[in-house]
Every structure is written in structure tokens, then in C-alpha cells.
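One structure is given here, and the rest of the page talks about it.
Residue numbers run from 1 in the order of the sequence given. Fair warning: this is a prediction, and the values are worked out from it, not measured in the lab.
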Amino acid sequence: MTNLTLSGLIRPFTVTLISAALLSACASNAPRQYSTYNKQGRCSKPENAALIQCQAYMKKAIKKKKIDNTEFVEPEDIGESEALASYANVWDRISDKLTFAEHVSRSEVDALEAWYAEHSYYLGNVSKRAGRYIHHIVEELEARDMPVDLALLPFVESAYDPFAYSHGRAAGLWQFIPSTAKYVGIEQNWWYDGRRDVLVATDAALNYLSDLNRRFDGDWMLTLAAYNAGAGTVNRAIRRNRKAGKPTDFWSLDLPKETERYVPKLLALVKIFGAPSSYNLTLPEVPDTQHFVKVDVGSQIDLAKAASLADVTLDELYRLNPGFNRWVTAPEGPHYLLIPEAKADLFSQNIADLAPEDRVRWTRYKVESGDNLITIARKFHVDVASLRTSNNLDSDLLKAGQLLLIPGGSKNTPLQSLNRGTASTKKREYRVKSGDTLSEIASAHKVSTRDLIRWNRLDKGALIKPGQTLAIYTKSGHNPDGHLKKVGYRVRNGDNLSRIASRFNLSVNDIVKWNSLRPGRYLQPGQALTLYVDITTADL
């Protein structure tokens with residue numbers, strides 16, 4: 001974006017003294033969103049009416065001899081004028097500093113701009129969700145001297161949902177797939193997925209974007225295309241065009257359809273967030289201040305306990321710390337939590353006073369006949385390794401009546417308290433009691449005996465035993481198991497049910513049931529499937 005200085009509008013003056021009166025007058029007479037100047041004393045927002053208003057006021061002031069013999073000077077000589085760059089609202093800050101405006105005059109952008117304009121309620125909802133995270137992202141971008149426009153990229157990637165999960169197994173605000181996450185150094189394990197960690201994923205995404213931008217010689221359109229499709233895909237398209245004597249800018253390349261829409265989507269948002277009121281878009285109030293504070297917790301801690309210490313809801317704590325898969329922070333770290341800024345001091349004081357033995361809840365469990373470490377781990381949503389470590393077990397053999405300590409002791413992961421999915425089916429586990437029959441169990445849960453047999457891979461006429469666990473799927477208007485994410489998947493060449501099930505850590509039977517498929521029938525490329533994926537285990 002090209003900014004015009006006063007010297008580009010009028011003859012230069014000789015005295016190098018900036019007039020505080022001029023800046024004060026312009027700030028008080030111009031509309032609120034146009035009253036900010038950059039360090040060089042230039043009028044901001046040159047691509048719209050702001051520039052005209054700003055220039056007109058400056059010309060008028062000079063003509064009336066209000067600032068005779070005055071010239072704007074270099075930033076180091078301005079001193080306190082930095083205070084003029086403060087904002088009450090983060091959206092004003094973003095609007096004032098957008099720099100991709102020179103790329104928006106394209107028909108491809110216009111079409112998406114029209115869609116967003118017609119669905120302003122959608123942008124309003126996403127903007128509200130973004131309120132927790134966007135100030136941090138803007139701060140990081142400015143600290144790296146990167147375009148603030150990139151703060152709008154998670155609108156395109158994840159709709160600013162840190163729990164977003166795609167058919168390509170991309171997760172988090174910045175939608176890293178497992179392989180790219182590994183490449184950029186993001187950790188993933190049973191306890192923790194750094195792709196959903198706001199700090200880790202943002203740092204990795206901005207580093208990755210910076211690297212791509214250097215690779216494409218500072219061209220941000222090519223950089224964005226590479227972020228979506230991969231640098232190799234973009235480079236191959238450039239080589240094809242170069243060989244054919246064609247231009248090699250983004251708009252001239254033959255790229256995947258998704259990528260050809262990806263960049264215009266961001267540019268359409270740049271247009272809209274540059275002047276949201278013009279699109280009847282009412283943005284939520286998001287103060288231009290830090291929303292959260294990073295607090296060192298030292299070691300593993302139960303997240304329900306942490307929420308209590310911070311005097312915040314468990315829901316709010318998880319939305320600030322979405323990287324944790326379980327009810328506690330990971331044993332090997334990271335050992336920090338993001339706490340709402342207003343509660344950070346209280347939390348720091350309370351956790352300093354917390355006794356070590358009170359950091360994690362434990363439940364005593366008496367081993368029953370038929371139990372093993374795997375079934376117990378599944379029942380309490382822990383991993384087998386944690387059971388072994390917590391109970392100093394030398395072998396996996398258990399005895400009926402043996403007591404085990406279960407870390408956390410919750411049958412539900414805290415992620416289940418967050419309604420992030422739209423699944424119409426939920427899975428229940430039923431422990432068979434003495435005297436139960438399949439038909440009675442099916443009737444009690446309003447399912448068919450045939451389905452009950454199929455879900456549990458039982459033979460017809462098979463006997464069930466007391467203590468045996470059966471899976472039962474029931475319909476629900478919402479998804480109480482918030483860790484499930486509804487994912488639309490389109491069958492590719494070479495796919496089969498077993499391969500898809502393995503890819504998303506699902507069972508073939510579940511996929512068949514969810515999609516009313518006939519067992520033994522081949523899948524067709526392009527066929528649409530609905531999957532309900534547990535985002536805490538799908539990529540491990």
C-alpha cells in the first residue's frame with residue numbers, strides 16, 4: 001500500500017519541526033477511524049475515503065497558514081506522536097493497517113466479496129470467536145514486520161475455531177496437517193496436540209509463512225498459495241508457465257481449484273474488514289489489549305482444578321488451552337496455561353499455594369473379572385502407559401479385586417464438555433449384567449438386536465457374559481461428545497473402507513453404519529462419506 005506524504009501534495013517546507021497542533025487538530029476533526037497516522041506522519045488508509053479526508057484537511061490547514069514552514073520528519077524525531085497509534089478496538093487497528101488492497105481489484109475477489117456481504121452474520125459470528133485470539137496474532141505479526149492482513153487468514157482456514165478438523169486431517173486455527181506439523185516442529189502425542197495450541201501453532205504458522213515468503217521473493221500471493229497447496233505445487237506451476245512463456249504471478253498460474261479460491265477468499269475479507277460498516281457488518285467489541293496471559297504452572301495439573309484456581313469456567317479454560325487432549329496437562333509439558341488477563345494474578349497466587357498432592361485427582365478402581373489394562377484405560381480415558389506408571393506395574397496381568405490408582409478418574413474427557421461437533425450419532429458403552437440378553441439390551445436402548453450384533457462384531461446366537469462391554473450407538477440432536485467432529489470425506493482413487501478407517505482411527509463398521517453402506521460394495525471415487533472423528537486420537 002502506497003502512502004502519500006505532505007511533500008507529495010504541496011511544495012516542501014524548510015523547517016523540520018512537527019506541529020503538535022496540526023496532529024491534534026486532525027485527530028479531533030477527522031472521523032475516529034481516520035485519526036491515526038503512522039510514524040512518518042503520513043495519512044493512513046490511502047485506498048479509500050480516509051486518504052481524501054486526511055489530505056483535504058491537511059491542505060486546508062496549510063492554506064489557512066495554520067502550519068507555516070512545517071515539514072514532517074523521521075520517526076526518531078517525532079517522539080510522543082507514537083501515542084497517536086493507539087486503538088480502542090482491535091478491528092480498527094486491523095482496518096487501518098491492511099496492506100493487500102492493491103490485489104483486490106479482481107473478478108475472482110468480487111464474487112467472494114459478494115458472498116461474504118450477503119452472509120455478514122457469519123462473519124460476525126466468526127469475529128466473536130476470534131476475539132480470544134486475534135490480538136495476540138496481530139501483535140505477533142507486527143513484531144515480525146509481517147502484513148497484518150494475515151490475521152484474517154484463520155477466517156479462511158478454520159473460521160477461527162481452534163478445534164476445527166478437516167477431511168485432510170488438518171487441525172487448529174492454522175490447519176496444520178500431521179506431516180507439516182512435524183516439519184515445522186509441532187509436537188503431537190496422546191496428551192497434547194500442538195496444532196491446536198494457540199501460541200505454538202501461531203508461532204509455527206508465522207515462521208512457516210515467513211520462510212515461504214522468502215522462498216517466493218516476497219510475493220505474498222504466491223506465499224499464500226504455497227501455504228494452501230504446498231510450495232512444490234506452486235513451483236511446478238511457475239515452471240510450467242515459464243516454459244510456456246506465460247506470466248508467473250499467482251493469477252496466471254494453473255493451480256488446484258481450492259487454492260485458486262483460497263487467495264481470493266482472503267482478499268475479499270481484506271476488502272470487507274477495511275470498511276466493515278459499508279457491508280452492514282457489526283463487529284463485536286474486542287479491546288486492543290491482550291486477552292490472556294501465559295502462566296508457568298511448573299508441572300502436570302488437573303485442568304478442572306486449574307479452572308477453579310483461576311475462577312473461570314472449564315469451557316473458557318479449554319478454549320484458551322485447546323492443545324490438551326485430556327483432563328490434565330501433559331506429564332512432560334508444556335507446563336503453562338493461558339489464563340484470562342483479568343484472572344492471571346489470582347491464578348498465579350492460588351497455584352503457588354497449591355500442595356503438590358492436590359495438583360491431580362486420583363480415583364481408586366477395583367479390578368473386576370474380565371478387566372485388563374486396555375479396557376480399564378478406555379473406560380477412564382487414560383493411556384495404558386499412564387496406568388502402568390501410576391501403579392508401578394511390572395506386567396499387564398491383573399487380578400480381580402486388585403486396586404488401581406487412576407489419574408484424573410473421569411470417565412469423560414474435558415473436551416466432551418465443549419459442543420464442537422454436529423454429529424447425529426453418539427456412542428455409549430454398556431456393561432452387561434447378570435441375566436441380560438441381547439434383545440433386552442437392544443429394547444432398553446431403542447435399537448435393533450441386529451444392529452447391536454453388528455456394532456459389536458458378534459456372531460449370531462453368541463452368548464454375552466456379565467462384565468462384558470457392548471458399544472451402542474444412538475441418535476441425538478446434538479453432539480454431547482464434543483471431541484467428535486463431523487467430517488465430510490470424498491473418496492479418492494485407491495481408497496477402500498479399511499484404508500479410510502485407518503486414516504481417521506475409525507472402525508469399518510462405524511463408517512458403514514454412518515453412511516448406510518452395503519458391506520462388500522466397492523466405493524466409487526468422488527463418493528461422499530460422513531465421518532465422526534475423535535480429534536484427540538485421529539492423527540496419532
Side-chain angles (χ1 to χ4, degrees), residues 1-2 45-48 91 94-95 97-127 130 134 137 141 146-161 164 166-168 170 173-177 205-206 208-209 212-213 215-238 240-241 246-276 278-281 283 488 490:
M1 185 170 72
T2 304
K45 299 178 71 64
E47 298 297 330
N48 54 34
W91 306 114
I94 292 171
S95 174
K97 298 187 177 186
L98 296 172
T99 59
F100 288 170
E102 63 185 281
H103 302 285
V104 302
S105 299
R106 306 279 311 189
S107 59
E108 299 92 334
V109 176
D110 293 342
L112 292 163
E113 175 192 5
W115 187 92
Y116 281 127
E118 291 174 7
H119 299 82
S120 59
Y121 65 90
Y122 166 78
L123 290 181
N125 290 338
V126 177
S127 299
I134 197 163
I137 292 174
L141 287 167
M146 296 173 70
V148 170
D149 312 59
L150 299 175
L152 302 177
L153 196 56
F155 275 85
V156 179
E157 287 286 352
S158 62
Y160 258 104
D161 179 3
S166 79
H167 62 84
L173 289 177
W174 298 94
Q175 289 290 278
F176 281 106
I177 61 174
L206 301 192
Y208 187 41
L209 283 163
L212 289 172
N213 192 243
R215 184 169 178 174
F216 290 99
D217 299 322
D219 188 317
W220 279 107
M221 300 304 101
L222 294 178
T223 299
L224 291 167
Y227 188 84
N228 177 254
T233 299
V234 176
N235 274 326
R236 285 190 292 273
I238 289 174
R240 284 195 300 269
N241 275 27
K246 297 179 180 179
T248 57
D249 62 287
F250 166 77
W251 305 104
S252 302
L253 299 180
D254 182 15
L255 293 166
K257 289 183 179 179
E258 178 187 343
T259 308
E260 290 179 348
R261 285 176 56 83
Y262 179 83
V263 175
K265 278 183 183 179
L266 178 66
L267 295 177
L269 291 172
V270 168
K271 289 186 72 173
I272 291 170
F273 279 84
S278 301
Y279 297 86
N280 295 317
L281 174 58
L283 295 172
R490 195 163 294 279

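Between Phe155 and Phe273, some side-chain heavy-atom pair lies under the 4.5 Å cut-off. Annotation: side chain of Glu260 is in contact with side chain of Asp254 (closest heavy-atom distance under 4.5 Å). Between Met221 and Phe100 the shortest side-chain heavy-atom distance falls below 4.5 Å. Side-chain contact check for Leu224 versus Leu150: some heavy-atom pair is nearer than 4.5 Å. Lys271 has its side chain within reach of Asp110: a pair of non-hydrogen atoms, C-beta onward, lies under 4.5 Å apart. No side-chain heavy atom of Tyr279 sits under 4.5 Å from any side-chain heavy atom of Tyr116. The side-chain heavy atoms of Glu108 and Val263, taken from C-beta on, include no pair separated by under 4.5 Å.
Across Tyr160 and Ala151, no two heavy atoms sit closer than the pair OH-O, 2.7 Å. Taking each heavy atom of Leu206 and Leu141 in turn, the nearest pair found is CD2-CD2, 3.7 Å. Contact detail for Thr259 and Phe250: the closest heavy-atom pair is O-CZ, 3.8 Å. For the residue pair Leu173 and Glu157, the shortest heavy atom distance occurs at O-CB, 3.6 Å. Scanning both residues, Ala231 and Arg215, for their nearest heavy atoms gives CB-NH1, 3.4 Å. Among all heavy-atom pairs drawn from Ala170 and Ile177, the shortest one is CB-CG2, 3.8 Å.
When only modelled atom types and interatomic distance are considered, Ser120 and Asn280 share no side-chain donor-acceptor pair under 3.5 Å.
Atom-to-atom distance recorded for Thr99:OG1 and Met146:CE is 10.5 Å, nearest 0.5 angstrom. A distance of 10.0 Å separates CG in Leu112 from OG in Ser107, rounded to the nearest 0.5 Å. Going from atom CZ of Phe216 over to atom CG of Asn235 covers 4.0 Å, rounded to the nearest 0.5 Å. The CG atom of Leu267 lies 10.5 Å from the CD atom of Glu113; values are rounded to the nearest 0.5 Å. Here CG of Leu153 is found 9.5 Å from CD1 of Ile137. Values are rounded to the nearest 0.5 Å. The distance from atom CG of Asp219 to atom NE2 of His103, rounded to the nearest 0.5 Å, is 7.0 Å.
With hydrogens and angles ignored, the 3.5 Å screen pairs no side-chain donor or acceptor of Gln175 with any backbone N or O of Ser158. Using a distance-only test at 3.5 Å, with no hydrogens or angles considered, no donor-acceptor pair links the side chain of Asp149 to the main chain of Leu98. The main-chain N or O of Tyr262 is never found under 3.5 Å from a side-chain atom of Asn228 such that the two would form a donor-acceptor pair.
Residue His119 qualifies as enclosed at atom NE2: its count of foreign heavy atoms under 6.0 Å is above 12. Within 6.0 Å of atom CZ in Arg106, more than 12 heavy atoms from other residues, nucleotides or ligands are found, so the atom counts as buried in its surroundings.
Relative ring orientation between Tyr227 and Phe176 is described as perpendicular, the plane-to-plane angle rising above 60° on a 0-90° scale split at 30° and 60°.
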